[in-house]
Structures are given as structure tokens and as C-alpha cells.
Amino acid sequence: MKVLVVNCGSSSVKYTLFEMDTEKKIAWGIIECIGLPEAYYKKQTAGSEEQKESVKVTNHMEAVELIIKNLMDKQTGSIKNIDEISVIGHRIVHGGDKFSKSVLVDEEVKKGLKECFSIAPLHTPGHYAGILAVEKMLPGIPSVLVFDTAFHQTIPDYAYMYALPYELYEKEHIRKYGFHGTSHNYVSQRAAAMLGKPIEETKIITCHLGNGSSLAAVEYGKVIDTSMGFTPLQGVVMGSRCGDIDPAVIPYIINIDKEYAAAEDLNILLNKKSGLLGISGLSGDMRTIVKAVAAGNKKAKLAFEMLCYSVKKYISSYFGILNGTDALVFTAGIGENSPSVREHICKNLSALGIEMDIDKNNEPSSSERFVSTENSKVKIMIIPTNEELMIVRESKRVLTND
């Protein structure tokens, strides 16, 4: 039996088809740039090379339908009959206060998800369209929603509350939720395994660093704090998101600049025009920033240092609230692939027992590994994230009511 994982982003749909028992990937791919002329479809199977083609898809519904048609193609598909699929697992960015754990989809769940549109407007409508497309193309096959926010449900109230009037929490549910939970969950479990200890005996700081980035303090397998908040805007400096700023800057900008007087325009400024992109004026992609730093670009250097400094501050903060840590984990696009970012973040953290082996850090590898010195009290690890595998396991657990 097979599990299909569907991950609808704001302008993309990723998918992976797994063999349920062996957890091996059968087919995977992505449709990017949905709704744009440059939309393309990359796909691969366990026995074939990657293929890429231009496609015309105007929305997430069409993208998911195209993917399923391709998977069921009589000549090249990986599925002969829809009954081969036991369950579809959907990655959902934001469950708000309505969903604290993975759930089987029914009409009540879909209604609740629609009510989350307003707090994650870039992602949740796409998730919802993906669910409807799957129901249309694979009728009768159960779907499970796995929420990025669920792993952070163990954060205590004194850490997830904002010091705003309490009625805003009661009426509008404004509080910290946290994101990238599926990734933090996966890498913290792998870190415990690499340490050779039960996760219930570990204290771990996980750094999910990509275009969007977040950190989590994981104590005995449970999150006690994370850097993202009510939305994925809060926290460290990111590709095009500002991260933490003085909230009073927002009304100040509204008052002085008519271009950003509307909430949506201000939202775009903070989410899509800030971060590495806003500071450097070049790009939100760390690879471009690193090249520009090497070429002597001062604004790129400033953006690079701001991002690393913000991550270092959270690590130091979480070291304090955990009262020490066994491991510091880097994952996701930047965390796994940028030695210079990892080195800059870990520089001068020896007082916390964090000592990096620079040679190990610079060794090219896509495998999980240690990059700390032999004497480092805190083990520094690079662990490739695998959110899709976590979604498979969660979907199977919900389906079997385990």
C-alpha cells in the first residue's frame, strides 16, 4: 500500500509517493510558479532521471489534478489503481487554535480549515484547494492533515502569550503558534538517535534555516519555545521577511509613508521586500548573498551578518531557558548547505560549550553528521530534514488510530 504526501505552498505543489511499509520513495516532484507563464513541472521516480517541462496551471486545483493524472498514467505512472493508495497526507502550515494535532479530513475539519484562511492567507487557501482536488481525483481515499503548528502545542502559556490585552487572545486568538513543526520534530528525533539517547532525556536546539527560518528549544522531546509567532514573520532575519522588529515601527511607517498605509501593502513590505533582500538590495537567496560578500559587497555583508547574529541570539536565549543543551542542529536549505553561515553563527559560542570543527563543517556532504570538535560539550549536527517522511508516519498513525 502507498501514501501520497501533498504539500501545497503559496505558489507551488510538492508531492511524494511512498511505499507505506518500507517508507521508501516511489515518485516525487513539484509544480512551481502556479499561475505564472514560467510555471514548470519537475518529476522523478525511483527508477528514472528527473524530467522538467513547462506547464500551464492557473491554480492549485489544476496542479494537483495534473500530478495525480501523471501518477496514474498508463504508460509512465506509478499507480495502476487508486485503491493502491491507502491515505493522502497533507502538510498544513497553520492550524490556529482549532487543530492541535493531525486529523482525518471530514466536512467539519474542512470548515475549520477555512476559518484559518485569515491567519495564513498565503498558504491555507492553497492547502484547501489541494484537499478538494484530491477528493475529486481520488474519491473515497482518506486524507490526513498534518499541521506545522502542532509540534509547538507544548509551549507553555507564559512563552506563547503576547503582552497585549487578554481579550485579544480570547476573542481573536492572537498568540504565538510557531511553524516548521514537522521539520523540528523530525530532526530532534534524529538528533536524539545520533546522540544514542532516548529523546525524553535530551535538550536540543534545532535551527531550520531556509528562505523562511525558525528555531526551536526542545526539552525532553517537547517544544518549550520557538522563534516564529502568530505568523511566520516573527523571529530571525529571513530571505525576504524582516523577522523581529520594534512593533512601533509599523504605525510609524503607516503615518509617514502613504505607499504603505494599507495593511496589505505593509504586509508585502514586511514579508516580501525585507530580510536579506531588503538589506542587500540584491536577493533573498543566501547563495547570492555569500557570493556578493566574497566580492566585497558591503550591504550583502551587512545582511549576512544580521541573519547570523539574529540566529546566534536565539541560540543563546534557548541555551538559557533550557539550562544547557546536548545538541545544536542545523537543517533545511541554508542550514544544510551553507558552511559559512553555520561557521559564522557558531563563532564565539565556546562559553556555551559550542565548538565547531571547521574542517568537518566545510566537508561537502548531504548526509546527517557531526561537525563539532571532539571536546565540544554541545554536539553540533547537520541533519537533512524530511518533513514528507514525518507526514507519512503521522498519516499512518491517524489512519490506524495508533
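Just so it is clear, the values below take in all heavy atoms, side chains as well, and ignore hydrogens, waters and symmetry mates.
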_All ring-ring contact (aromatic ring centres under 6.0 Å, His included) counterparts of Tyr41, not counting sequence neighbours_ = none
_Lys111 and side chain to side chain contact (heavy atoms under 4.5 Å, CB included): which single residue from Lys114, Glu107, Glu115 fits?_
Glu115
_Is there a side-chain contact between Ile85 and Val3 in this structure, where contact means two heavy atoms from C-beta onward sitting under 4.5 Å apart?_
no
*Give a yes or no on this: more than 12 heavy atoms of other residues, nucleotides or ligands lie within 6.0 Å of atom NZ of Lys272.*
no
_Using a 3.5 Å distance criterion without hydrogens, assess whether the side chain of Thr149 forms a donor-acceptor pair with backbone atoms of Gly95._
yes
*Can you tell me if Thr373 uses its side chain to pair, donor with acceptor, with the backbone of Ser376 under 3.5 Å?*
yes
*asked:* Would you say Asp73 and Thr76 are linked by a side-chain donor-acceptor pair, where the criterion is simply a distance under 3.5 Å?
replied: yes
*Are any side-chain N or O atoms of Lys56 and backbone N or O atoms of Leu36, one a donor and one an acceptor, separated by less than 3.5 Å?*
no
*Would you say Glu108 has more than 12 foreign heavy atoms packed within less than 6.0 Å of its CD?*
no
*Does the distance from a Lys or Arg side-chain N to an Asp or Glu carboxylate O, for Glu368 and Arg190, drop under 4.0 Å?*
yes
*Criterion side chain to side chain contact (heavy atoms under 4.5 Å, CB included) against Leu328, the qualifying member of Leu352, Thr206, Ile345, Val378*: Val378
*His94-Phe147 aromatic ring centre distance below 6.0 Å*: no
*Do the non-hydrogen side-chain atoms of Met1 and Asp21 ever get within less than 4.5 Å of each other?*
no
*Is atom CD of Glu374 surrounded by more than 12 heavy atoms (other residues, nucleotides or ligands) closer than 6.0 Å?*
no
*With sequence neighbours excluded, tell me which residues meet salt bridge (charged side-chain N to carboxylate O under 4.0 Å, His left out) with Arg91.*
Asp148
*asked:* Can you tell me if Lys203 has over 12 outside heavy atoms packed within less than 6.0 Å of its NZ?
replied: yes
*Say you draw a straight line from CG of Asn362 to OG of Ser340; how long is it, rounded to the nearest 0.5 Å?*
8.5 Å
*asked:* Applying side chain to side chain donor-acceptor pair (under 3.5 Å) to His208 and Ser183, what does each step give before you reach the verdict?
replied: CA-CA 7 Å; His208 177 110; Ser183 175; 2.8 Å; yes
*Is a donor on one side and an acceptor on the other found under 3.5 Å between the side chain of Glu84 and the backbone of Asn81?*
yes
*Answer with yes or no after comparing the ring centroid distance for Tyr177 and Tyr160 against a 6.0 Å cut-off, counting only values under it.*
no
*With a 4.0 Å cut-off, would you call Lys197 and Asp326 a salt bridge?*
yes
*Stacked cation flag Arg175 on Tyr169, 6.0 angstrom / 45 deg*: no
*Glu363 with Arg369: basic N within carboxylate O range, under 4.0 Å*: no
*Are Ile205 and Leu322 close enough that some pair of their side-chain heavy atoms sits under 4.5 Å apart?*
yes
*Point-to-point distance, once rounded to the nearest 0.5 Å, from CD1 of Ile382 to SG of Cys207*: 11.5 Å
*Any chance the side chains of Glu336 and Thr331 put a donor and an acceptor closer than 3.5 Å?*
yes
_The test is side chain to side chain donor-acceptor pair (under 3.5 Å); show your working for Arg342 and Asn361 and say whether it passes._
CA-CA 8 Å; Arg342 294 192 300 264; Asn361 180 55; 2.6 Å; yes
*Is there a donor-acceptor pair under 3.5 Å between the side chain of Ser310 and the backbone N or O of Val237?*
yes
*With a 4.5 Å heavy-atom cut-off, do Ile141 and Ile88 have their side chains touching?*
yes
*Could you give the distance from CG (Asn386) to NZ (Lys25), rounded to the nearest 0.5 Å?*
7.0 Å
*When you check the side-chain N and O atoms of Thr45 and Ser48, is any donor under 3.5 Å from an acceptor?*
yes
_Donor-acceptor check, side chain of Ser240 to backbone of Asn271, threshold 3.5 angstrom: yes or no?_
yes
*Should Val144 and Val146 count as side-chain neighbours, where that means a heavy-atom distance under 4.5 Å?*
yes
*asked:* To the nearest 0.5 Å, what is the distance between CG on Asn70 and CD on Gln51?
replied: 8.0 Å
*Side-chain (Ser12) to main-chain (Ile31) donor-acceptor, under 3.5 angstrom*: no
Which side-chain N or O atoms in residues 292-302 pair as donor and acceptor under 3.5 Å with protein atoms at least two apart or in another chain?
residue : atom : partner : partner atom : Å
Asn297  : OD1  : Lys299  : N            : 3.1
Asn297  : OD1  : Ala300  : N            : 2.9
Lys301  : NZ   : Glu305  : OE2          : 2.9

_Filter on salt bridge (Lys or Arg N to Asp or Glu O under 4.0 Å), then keep only pairs touching residues 204-232, sequence neighbours left out; what's left?_
Lys176-Asp225
*Given Val6 and Val13, is the side chain to side chain contact (heavy atoms under 4.5 Å, CB included) satisfied, shown in steps?*
CA-CA 7 Å; Val6 177; Val13 178; 4.2 Å; yes
*asked:* One thing to verify: whether Glu19 and Lys24 come together as a salt bridge, which I'm taking to mean a side-chain N less than 4.0 angstrom from a carboxylate O.
replied: no
*Side chains of Phe18 and Val5: does their closest heavy-atom pair fall under 4.5 Å?*
yes
*asked:* Check Glu23 with Arg393, please: is the shortest side-chain N to carboxylate O separation under 4.0 Å?
replied: yes
*Could I get the full list of side chain to side chain donor-acceptor pair (under 3.5 Å) partners for Lys101, not counting sequence neighbours?*
none
*Asp357 versus Ser372: any side-chain heavy-atom pair under 4.5 Å?*
no
_Working to the nearest 0.5 angstrom, can you tell me the gap between Asn7 CG and His127 NE2?_
7.0 Å
*Look only at the side chain of Ser395 and the backbone of Ile391, and say whether a donor-acceptor pair between them is shorter than 3.5 Å.*
yes
*Between Ser102 and Glu394, is any side-chain donor less than 3.5 angstrom from a side-chain acceptor?*
yes
*Between CD of Glu264 and CG of Leu269, what distance do you get to the nearest 0.5 Å?*
11.5 Å
_Within 45 degrees of the ring normal and closer than 6.0 Å to the centroid, is that where the cationic atom of Lys52 sits relative to Tyr40?_
yes
_Can you tell me how the ring of His180 sits relative to the ring of His184, calling it parallel under 30°, perpendicular over 60° and tilted otherwise?_
tilted
What pairs of donor and acceptor atoms, side-chain ones from residues 227-236 against any protein atom, are under 3.5 angstrom apart with sequence neighbours left out?
residue : atom : partner : partner atom : Å
Ser227  : OG   : Leu215  : N            : 2.8
Thr231  : OG1  : Leu233  : N            : 3.2
Gln234  : OE1  : Tyr162  : OH           : 2.7

